[in-house]
Asker: 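Got a structure for you, written out below as structure tokens; questions coming shortly.
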Amino acid sequence: ERPHGALVHALRDALGDAGLRIDEGSPWPLIVHGATRAPSSRFCVDARSSSQFVTSVLLVMAALALREGRSFSLELLGEPASRGYLNLTTSWLRRAGFIVAGDGRVIEVSGGQPASAERLCVPGDWSSIAYLLLIAWRSGGAVANVDVSALHPDQAILPVLQEAGLEVVVGED
């Protein structure tokens, strides 16, 4: 149900009519058909309403950087809805071999060396792990394959569980 107007606006502004077609359902699906070459290397998105819009555009920029062999930049309008998710995305782009630079308001992405499969082993998603930890507590079970060192904003559930009086035990798995 999340409105996607800001994302559509960002794509239309950057890509114009040069082969861009967006088929919009009500409210979904949203299907984007792109040009063979992006007419602009600059994107601009309202970051206040959703960190997912910023993430989406960054992933588009990474794909374009690989395909076209040039850098792309993203200007963030307003403070991002979740700086943590933005940091998570840029961290994974770097791990995937992209060069990510910027001052926090403008982010530049260019292709680098593709990462090996070992560097791209994706840890469990803390957005899902959080409720699994509560189920494990209630049932006396455990949650496997949790990377407590992973950079993820929803990992903040650990101190909350501890503040609630629950013991968090990290084992080998």
Asker: Indicate whether the side chain of Y85 and that of S127 have a donor and an acceptor atom separated by less than 3.5 Å.
Answerer: yes
Asker: If Ile, Leu, Val, Met, Phe, Trp and Tyr residues are connected whenever their side-chain heavy atoms lie under 4.5 Å apart, and connections chain through other members, are L66 and I99 in the same group?
Answerer: no
Asker: Please round to the nearest 0.5 Å and tell me the distance separating atom CZ of F98 and atom CG of L58.
Answerer: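 Interatomic distance, F98 CZ to L58 CG, rounded to 0.5 Å: 11.0 Å.
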Asker: Answer yes or no: is there a side-chain heavy-atom contact under 4.5 Å between L158 and L133?
Answerer: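 Yes, their side chains come closer than 4.5 Å.
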Asker: Can you tell me how far CE of M61 sits from OG of S73, rounded to the nearest 0.5 angstrom?
Answerer: 6.0 Å
Asker: Under 3.5 Å, is there a donor-acceptor pair between the side chain of R70 and the main chain of A65?
Answerer: no
Asker: For a quick test of reading the model, state the closest non-hydrogen atom pair linking V143 to V146 and the distance between them.
Answerer: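 That would be CG1-CG2, 3.5 Å.
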Asker: For D147 and W126, work out which heavy atoms get closest and say how close.
Answerer: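 What the structure gives for the nearest pair is O-NE1, 3.3 Å.
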Asker: Restricting to non-hydrogen atoms, name the atom on S41 and the atom on S71 that form the minimum distance, rounded to 0.1 Å.
Answerer: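 It is CB-O, 3.5 Å.
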Asker: Taking atom OG of S128 and atom CG of D154, what is their separation to the nearest 0.5 Å?
Answerer: 9.0 Å
Asker: Over 60° means perpendicular and under 30° means parallel, so classify the ring planes of F43 and F72, tilted if in between.
Answerer: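 Because their plane-to-plane angle lies in the 30° to 60° range, the rings of F72 and F43 count as tilted.
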Asker: Are L76 and L86 close enough that some pair of their side-chain heavy atoms sits under 4.5 Å apart?
Answerer: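 Yes, their side chains come closer than 4.5 Å.
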Asker: Within the 4.5 Å heavy-atom criterion, are L134 and L161 side-chain neighbours or not?
Answerer: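 L134 vs L161: side chains touch.
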Asker: A side-chain contact here means heavy atoms from C-beta on lying under 4.5 Å apart; do W137 and V168 qualify?
Answerer: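 They are not in side-chain contact.
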Asker: Please examine the side chains of V54 and T89, heavy atoms only from C-beta on, and report whether any two atoms are closer than 4.5 Å.
Answerer: no
Asker: Could you grab the distance from atom CD1 of I157 to atom CG of L132, nearest 0.5 Å is fine?
Answerer: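 One gets 11.5 Å once the value is rounded to the nearest 0.5 Å.
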Asker: Identify whether L74 and V106 are in the same connected component of the hydrophobic contact network (ILVMFWY, side-chain heavy atoms under 4.5 Å).
Answerer: no
Asker: Measure the shortest side-chain to side-chain distance between V148 and Q155 over non-hydrogen atoms and say whether it is less than 4.5 angstrom.
Answerer: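 V148 reaches Q155 side chain to side chain.
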Asker: Salt bridge or not for R48 and D46, using N-O below 4.0 Å?
Answerer: yes
Asker: Can you measure from CG (L93) to OG (S110) and round to the nearest 0.5 angstrom?
Answerer: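 So the gap between those two atoms works out to 10.5 Å.
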Asker: About how many Å separate NE2 of H152 and CG of L88, when rounded to the nearest 0.5 Å?
Answerer: 5.5 Å
Asker: Please walk me through it: do C44 and L77 pass side chain to side chain contact (heavy atoms under 4.5 Å, CB included)?
Answerer: CA-CA 7 Å; C44 190; L77 301 177; 3.5 Å; yes
Asker: So, for A81 and S51, which heavy atoms are closest and what is the spacing to 0.1 Å?
Answerer: CB-N, 3.9 Å
